[in-house]
Amino acid sequence: MLNPVIDEDGAPFWEFTARGELRIQACAEEECGELRFPPRPCCPHCQSFATEWRLMSGRGRIWSYVLPHPPLLPDYAEQAPYNAVLVELADAPHIRLAGNVVAAPDARLDSVDPARLRIGAPVRIAFTEIDGIAVPRWILERG
């Protein structure tokens with residue numbers, strides 16, 4: 001599997017996932033406080049360099065999804081058909097995270113029947129370790 005590239009701005013995100021927490025970078029200026037993702041050094045709203053990482057509930061809704069078709073990257077071909085989703089966070093509707101909906105944190109990418117996926121379906125975050133990195137995944141909630 002392909003691992004995420006961890007840069008200086010995003011390193012705290014991955015440190016929190018290793019602890020099983022979903023935190024999103026926010027502007028630490030009192031009069032701003034805007035959340036932002038992907039992480040970056042400067043707030044796009046007020047241009048402040050002051051940042052903090054806010055704990056999220058880990059709940060969201062499927063905003064969009066695709067079922068990749070061949071040709072696929074070799075590391076993923078054996079798990080087709082699998083899904084790739086964008087999840088809109090319940091705590092921050094303008095923040096969307098990419099990932100996969102799986103049956104359990106350590107399940108294969110093809111563990112959820114694609115027919116079960118719907119735009120707007122509620123999901124919750126789960127983390128699985130891949131090559132030493134805690135990667136966020138999503139699990140369907142009843143709803």
Student: Could you grab the distance from atom CG of Leu22 to atom CG of Asp91, nearest 0.5 Å is fine?
Tutor: 8.0 Å
Student: With rounding to the nearest 0.5 angstrom, report the CZ to CZ distance, Arg23 to Phe16.
Tutor: 5.0 Å
Student: Salt bridge check, Glu52 against Arg54: does any charged N sit closer than 4.0 Å to a carboxylate O?
Tutor: yes
Student: Could you state the interatomic distance from OG1 (Thr128) to CG (Asp106), rounded to the nearest 0.5 Å?
Tutor: 3.5 Å
Student: Is Arg40 reaching over with its side chain to a backbone N or O of Pro38, donor-acceptor style, under 3.5 angstrom?
Tutor: yes
Student: Using only atom types and a distance under 3.5 Å, with no angle test, would you say the side chain of Asn83 pairs donor to acceptor with the backbone of Val101?
Tutor: yes
Student: Are Ile6 and Leu97 linked, directly or through other ILVMFWY residues, by side chains that come within less than 4.5 angstrom of each other?
Tutor: yes
Student: Could you check if a side-chain atom of Phe49 sits within less than 4.5 angstrom of a side-chain atom of Pro41, using non-hydrogen atoms only?
Tutor: yes
Student: Is there a side-chain contact between Arg137 and Ile130 (heavy atoms, below 4.5 Å)?
Tutor: yes
Student: Scan for ring-ring contact (aromatic ring centres under 6.0 Å, His included) pairs involving residues 17-42, sequence neighbours excluded, and state none if there are none.
Tutor: Phe13-Phe37
Student: Answer yes when Glu88 and Arg61 have at least one side-chain N-carboxylate O distance shorter than 4.0 Å, and no when they do not.
Tutor: no
Student: Of all residues at least two apart in sequence or in a different chain, which pass the salt bridge (charged side-chain N to carboxylate O under 4.0 Å, His left out) check with Arg59?
Tutor: Glu141
